[in-house]
S.K.: 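So that we are looking at the same thing, I have put the structure below in structure tokens.
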Amino acid sequence: MKLKLPKDFFMGAAMSGPQTEGAYKKDGKLENIWDTWSDSAISDFYNKVGSYVGNNFYEKYEEDIKLLKSIHLDSFRTSMQWSRLMDQNQQLNPAGAGFYHKVAACAKKHGIELFMNLYHFDMPAYLFARGGWENREVVEAYAVYARTAFREFGKEIKYWFTFNEPIVEPDQRYRSGVWYPFIKDARRGMQVQYHISLAHSLAVREFYKAKEEGFLLPDAQIGLINAFAPPYTRETPTPEDLEALRMTDGIHNRWWLDLCTSGTLPQDVLETLASCGVPVEIRPGDAEILKCGKTDWLGFNYYQPTRVQAPQEKVDENGHPRFADPYIWPERKMNVYRGWEIYPKGIYDFGMKMKREYPDLKFFISENGMGVEHEHRFRNEAGEIQDDYRIEFVQEHLEWVMKSIEEGARCVGYHYWGVIDNWSWNNAFKNRYGFIEVDLMNNYERRLKKSAHWVKALIEEREKED
Ligand code: BGP
């Protein structure tokens, strides 16, 4: 199939502050939770590469923005680091703000749209020490941070997002405990998820207040980014399989979709949780806050489908209710380096679900990508990485995006994750995602891979029609 990108469709790059900037102690930047983890247990990170360096975007932002433009991308998303923008007294750190002003000005100069996200798993350490997302004062502090950002950058940035994948910290830090601080407590995890929902809603409220007061561009928009992939189960499911589907979808997707579309949380999910000993503590007045959580659009991060079936045991090894077991689809194709299934049709299924259930809300594919280990194996004689597997991956996913648009999905863009190789949390630089290589042995030098030429040619085709 010949791939043809529609007009008025963002083609861009996704990245985040904590995974690219580095400069972890420069210009008044405070410690964040990744720095704390890196300092306390560096062996938890692949090749002992902690959070300190990113891919040196702090120094190389101009070169990087020019590179994105050189392969004809029209937009990119990154995130501000709370620990860089604000000081411990919840005041703006002018030097930190200066960096983001430079990035915004540079994007403008080179004609590339900047999408700005406010939080990408990067709690400032001093706030984590006060209880992090378990503490409502931290929720309030996040609203102050969001207000400050909107007012400081309101005339420079049009597209804003409150959170990237707000489901990840409750899961990784508090429920499964695989990320620092390694807590395995379903109740605390749900409370964190709930508090993040309040924080999102307070930030959206601040956004509209700032808009009313003239601090923002008149067409500024606010959204939330999540991995919303609809879960699948076996082809001939039992009622128990369907129940596993309901709760998986409820906690991971409907929770956020309902919040962004109707300013509420799914009652059936809250009730099931309470009946299983995981009640969420809701205070009077919270419903009013959540009502403010409705957004202008969504970002959909998609890497792999979720497949579930009825759980063998109703309780897991930590004594928590177990709502589902993983289901291994016999026909699955894997990205063996990351351990994630590759299933491009999932992107289409989400588009159709949005069309059916939330027809008014537009969205874009905010992350999609393929991380591969030891990519130097694929270098040709001229030294260029021949990442045909990545080209195939992107091509297949984009084909399903196009099909969903043809059939009525309101998908308005595609951002590839990690256009420039970056730091992948505790996998550090193990799996490389980029169309552009970062040479860690050579001062973070950037080099195009084969996929960079491919994506450039794809976008040029569209431009020829203008
Ligand atoms: C998403 C995150 C990104 C990014 C990506 C790839 O869930 O939003 O921050 O890291 O996954 O995952 P990883 O880097 O773990 O391979």
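In each ligand, atom 1 is the first atom listed, and ligand 1 is the first ligand listed. Note that the structure is a prediction, hence the values are computed from the model and not measured.
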S.K.: Under 4.0 Å from a heavy atom of His120: give me the atoms of ligand 1 that qualify, with their elements.
M.R.: 2 (C), 3 (C), 8 (O), 9 (O)
S.K.: When only distance counts, is Asn427 in polar contact with ligand 1, meaning an N/O pair under 3.5 Å?
M.R.: no
S.K.: Going by distance alone, is a donor N or O of one side chain under 3.5 Å from an acceptor N or O of the other, for Asp44 and Trp37?
M.R.: yes
S.K.: Taking ring pair (Phe, Tyr, Trp, His ring centres under 6.0 Å) as the test, write out the residues that go with Phe323, two or more places apart.
M.R.: none
S.K.: So, Ser38 and Ser51: side-chain donor and acceptor under 3.5 Å apart, yes or no?
M.R.: yes
S.K.: Whether Arg307 engages the ring of Tyr327 as a cation-pi pair (distance to the six-membered ring centre under 6.0 angstrom, angle to the ring normal within 45°) should be assessed.
M.R.: no
S.K.: Identify, for atom 1 (C) of ligand 1, the protein heavy atom at the shortest distance, and state residue, atom and that distance.
M.R.: Glu367 OE1, 3.2 Å
S.K.: Verify whether one side chain among Glu375 and Tyr389 offers a donor that lies under 3.5 Å from an acceptor in the other.
M.R.: yes
S.K.: Which option wins on minimum heavy-atom distance to atom 7 (O) of ligand 1: Met15, Gln304, Glu165?
M.R.: Glu165
S.K.: Numbering the atoms of ligand 1 from 1, which are under 4.0 Å from a heavy atom of Tyr433?
M.R.: 6 (C), 12 (O), 13 (P), 16 (O)
S.K.: List for me each residue that meets side chain to side chain donor-acceptor pair (under 3.5 Å) alongside Tyr343, sequence neighbours excluded, and say none if there are none.
M.R.: none
S.K.: I'd like to know if the side chain of Asp387 pairs up with that of Ser451 as donor and acceptor (distance under 3.5 Å, no hydrogens or angles considered).
M.R.: yes
S.K.: For atom 5 (C) of ligand 1, what's the nearest protein heavy-atom neighbour? Residue, atom name and distance, please.
M.R.: Tyr303 OH, 3.3 Å
S.K.: Looking only at protein heavy atoms, which one is nearest to atom 14 (O) of ligand 1, and what is the separation?
M.R.: Ser424 OG, 2.7 Å
S.K.: Which of the numbered atoms in ligand 1 are under 4.0 angstrom from any heavy atom belonging to Trp340?
M.R.: 12 (O)
S.K.: Can you name the atoms of ligand 1, numbered from 1 with element, that are less than 4.0 Å from a heavy atom of Arg338?
M.R.: 13 (P), 15 (O), 16 (O)
S.K.: Can Asn164 be said to touch ligand 1, with heavy atoms closer than 4.0 Å?
M.R.: yes
